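For reference, the structure is listed below as structure tokens.
Heavy-atom basis, side chains included; hydrogens, waters and symmetry copies ignored. Just so it is clear, the structure is predicted and the values come from calculations on it, not from any experiment. Positions are given from 1 along the sequence.
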Amino acid sequence: QHYFIQSNLRMSNSNDEDLGFVGIDEDIAHKSDDNDVEFDTLIGHLQDVVLEDGFQDLQDTFLSQNCEEFDDEEDNKLIYTEIHNKYISALESYICCRLEELKPGFDMAVFLSLIQSRRNEVDPELFDTLASLADFPIFKETMLAYKSQKDGELEEFPSLVVTSLACGFPPS
């Protein structure tokens with residue numbers, strides 16, 4: 001809500017003196033601008049990371065190495081949970097490492113706090129993508145689809161729709 005107001009003020013007021021006139025402290029306005037720029041930059045980096053070939057390759061490799069463990073039975077085996085946890089850890093670690101490379105001094109805990117507090121400012125598609133990583137039913141469905149494609153039952157593996165950042169990727 002405040003973000004919308006600040007954005008409108010920035011668009012309608014071309015200099016800092018105008019901000020003082022509408023009752024906003026200039027230092028707070030500059031600090032807010034810096035926070036917005038940093039947040040937007042980090043979100044942009046995060047979007048880039050999940051679209052990188054390296055991220056997609058990591059997913060493909062993981063699926064290929066583990067899909068044979070899965071079957072289409074209604075009951076889930078304990079090993080599914082173990083594999084899913086490894087999957088989450090691998091992807092979270094990749095994301096965290098790449099963000100640290102792109103933004104020296106990057107702190108995942110601070111970033112997660114920002115994402116949670118500014119969730120309405122995160123592209124819904126990105127948020128859903130990240131949220132799906134932790135969604136076990138989607139994971140199992142993805143594993144089974146990958147296995148079917150690998151076994152020749154599907155002509156083409158559907159694009160991996162990752163929809164979960166249930167979210168804490170602690171650095172591993």
TODO: Kindly indicate, with the supporting measurements, whether the criterion side chain to side chain contact (heavy atoms under 4.5 Å, CB included) is fulfilled by Phe70 and Ile83.
DONE: CA-CA 10 Å; Phe70 288 77; Ile83 293 170; 3.9 Å; yes

Answer yes or no: is there a side-chain heavy-atom contact under 4.5 Å between [X] and [Y]?
X      : Y      : result
Asp151 : Glu68  : yes
Glu141 : Tyr146 : no
Asn76  : Thr81  : no
Asn66  : Tyr87  : no

Taking all non-hydrogen atoms of both residues, which atom of [X] and which atom of [Y] are closest, and how far apart?
X      : Y      : answer
Leu126 : Val122 : CD2-CG1, 4.1 Å
Met143 : Leu63  : SD-CD2, 3.6 Å
Asp123 : Gln47  : OD2-NE2, 3.4 Å

Task: Partner residues of Asp71 under the side-chain hydrogen bond (donor to acceptor under 3.5 Å, both in side chains) criterion, sequence neighbours left out - done: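 If we apply the side-chain hydrogen bond (donor to acceptor under 3.5 Å, both in side chains) test to Asp71, skipping adjacent residues, the hits are Lys77, Tyr80.
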
TODO: Begin with the C-alpha distance, continue with both residues' side-chain angles, and end with the deciding distance and a verdict on side chain to side chain contact (heavy atoms under 4.5 Å, CB included) for Val50 and Leu91.
DONE: CA-CA 9 Å; Val50 299; Leu91 296 180; over 6 Å; no

Open item on the list: Using the rule given for side chain to side chain contact (heavy atoms under 4.5 Å, CB included), can you reason through Glu100 versus Ile95, listing the C-alpha separation, both sets of side-chain angles and the distance that settles it, and then say yes or no?
Closed with: CA-CA 9 Å; Glu100 287 170 351; Ile95 290 169; over 6 Å; no

- [ ] Using the test salt bridge (Lys or Arg N to Asp or Glu O under 4.0 Å), find all partners of Glu101 that sit at least two apart in sequence or belong to another chain.
- [x]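 Residues passing salt bridge (Lys or Arg N to Asp or Glu O under 4.0 Å) with Glu101: Arg98.
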
Open item on the list: Distance check, rounded to the nearest 0.5 Å: Cys97 atom SG versus Leu102 atom CG?
Closed with: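 One finds 11.0 Å between SG of Cys97 and CG of Leu102.
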
Can you check whether [Y]'s main-chain N or O pairs, donor with acceptor, with [X]'s side chain at less than 3.5 Å?
X      : Y      : answer
Lys150 : Ser64  : yes
Gln65  : Asp60  : no
Ser113 : Ala109 : no

Task: salt_bridge(Lys140, Asp72) N-O dist < 4.0 Å - done: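 A salt bridge is absent here (no side-chain N lies under 4.0 Å from a carboxylate O).
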
Task: Partner residues of His84 under the ring-ring contact (aromatic ring centres under 6.0 Å, His included) criterion, sequence neighbours left out - done: Phe136, Phe139

Open item on the list: Quick one, Leu46 with Ile115, criterion side chain to side chain contact (heavy atoms under 4.5 Å, CB included). Give me CA distance, side-chain angles, the key distance, then yes/no.
Closed with: CA-CA 11 Å; Leu46 180 58; Ile115 286 178; 4.2 Å; yes

